[in-house]
Amino acid sequence: MNKFLKISFLVIMLAIPLSIFIFLKIFGENKFDIPIQHADGVDEKFGACEYETGQFLVPDSLLSKGGPSLIFIYNAQGMNANTLSNQYERIRHLFKEDMPSMRVFTADSIEVDTVQITRVSPHTLKQVMNCGFVTDTYNQYILVDADRRVRGYYNTELDEVDRLIVEIKILLENGNSG
């Protein structure tokens with residue numbers, strides 16, 4: 001009797017987690033989402049920028065092509081170009097053909113392989129940052145989805161670049177526009 005009770009208890013203890021796992025596998029949905037920045041409009045003003053009411057969308061002229069884009073606002077005073085190049089190579093190596101198009105906006109001279117670099121005057125760079133991407137921070141990545149919505153701002157620290165990589169994966173798994 002005692003042996004039968006132990007076996008019954010063991011079977012029940014193994015069946016409960018298994019049934020929960022099967023239930024979640026059949027009826028559950030494992031999907032992550034990235035928040036949309038400025039979904040209700042821009043609540044802070046930068047200089048003389050005029051934003052349309054409603055959801056903020058990045059102007060087409062600032063993006064490279066259809067699909068998700070990775071934008072970087074570069075300032076040589078706060079970052080070494082080799083650091084940017086190494087971070088980009090790490091991201092590019094992870095995504096290969098699924099890599100979002102990358103574009104660097106800068107007022108400085110910089111060379112990064114296979115990246116579209118747009119060199120503008122310091123005044124224009126500040127205007128692009130403020131009006132085009134709703135930020136006032138240099139040396140940061142900006143992830144933009146296929147629908148031109150800003151999905152995140154990321155600085156160049158290792159943990160932020162790791163977060164950027166995870167969020168690019170989520171964006172690609174959800175169909176480029178989440």
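Since this is a predicted model, take the numbers as computed values, not measurements.
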Counting only pairs under 3.5 Å, give me each side-chain donor-acceptor contact of residues 156-172, with atom names and distances, residues two or more places apart or in other chains.
| from | atom 1 | to | atom 2 | distance (Å) |
| --- | --- | --- | --- | --- |
| E160 | OE1 | R163 | NH2 | 3.0 |
| E160 | OE2 | R163 | NE | 3.4 |
| D162 | OD1 | R90 | NH1 | 3.1 |
| D162 | OD1 | R90 | NH2 | 2.3 |
| R163 | NH1 | E167 | OE2 | 3.4 |
| R163 | NH2 | Y153 | O | 3.1 |
| E167 | OE1 | Y154 | OH | 2.3 |

Enter the distance from [X]:[atom1] to [Y]:[atom2] here, rounded to the nearest 0.5 Å.
| X | Y | atom1 | atom2 | answer |
| --- | --- | --- | --- | --- |
| I110 | N82 | CD1 | CG | 9.0 Å |
| L143 | Q37 | CG | CD | 10.0 Å |
| T135 | N130 | OG1 | CG | 8.0 Å |
| F133 | F56 | CZ | CZ | 8.0 Å |
| N75 | F72 | CG | CZ | 9.5 Å |
| S101 | I71 | OG | CD1 | 6.5 Å |

Q. For A15, does its backbone N or O pair with a side-chain atom of S19 as donor and acceptor, under 3.5 Å?
A. yes

Q) Checking Y74 side chain against M79 main chain: does a donor-acceptor pair fall under 3.5 Å? A) yes

Q: Go through the steps to decide whether I73 and T137 satisfy the test side chain to side chain contact (heavy atoms under 4.5 Å, CB included), and finish with yes or no.
A: CA-CA 8 Å; I73 309 294; T137 306; over 6 Å; no

In terms of hydrophobic clustering (I, L, V, M, F, W, Y; side-chain heavy atoms under 4.5 Å; direct or indirect links), are [X] and [Y] co-clustered?
| X | Y | answer |
| --- | --- | --- |
| F9 | L5 | no |
| F21 | L10 | no |
| V11 | L14 | no |

Q.
Can a side-chain donor-acceptor contact be found between Q87 and Y141 if the only test is distance below 3.5 angstrom?
A. yes

Q. What residues, two or more places apart in sequence or in another chain, satisfy salt bridge (charged side-chain N to carboxylate O under 4.0 Å, His left out) together with R103?
A. none

Q. Considering residues, nucleotides and ligands other than F95, do more than 12 of their heavy atoms fall under 6.0 Å from its CZ?
A. yes

**Q.** Whether over 12 other heavy atoms sit under 6.0 Å from D40 CG
**A.** no

Restricting to non-hydrogen atoms, name the atom on [X] and the atom on [Y] that form the minimum distance, rounded to 0.1 Å.
| X | Y | value |
| --- | --- | --- |
| P59 | G132 | CD-O, 3.7 Å |
| T124 | S121 | OG1-OG, 2.9 Å |
| I36 | R151 | CG1-NE, 3.5 Å |
| M99 | L70 | CE-CD2, 4.2 Å |

(Q) By the definition side-chain contact (heavy atoms from CB on, under 4.5 Å), identify the one residue from L57, V58, L62 that meets it with V144. (A) V58

Q | Residue of the set H38, R149, R148 for which side-chain contact (heavy atoms from CB on, under 4.5 Å) holds with Q55 | A | R149

Q | F4 vs S8, side chain to side chain contact (heavy atoms under 4.5 Å, CB included): CA-CA, chis, key distance, verdict | A | CA-CA 6 Å; F4 176 73; S8 299; 3.6 Å; yes

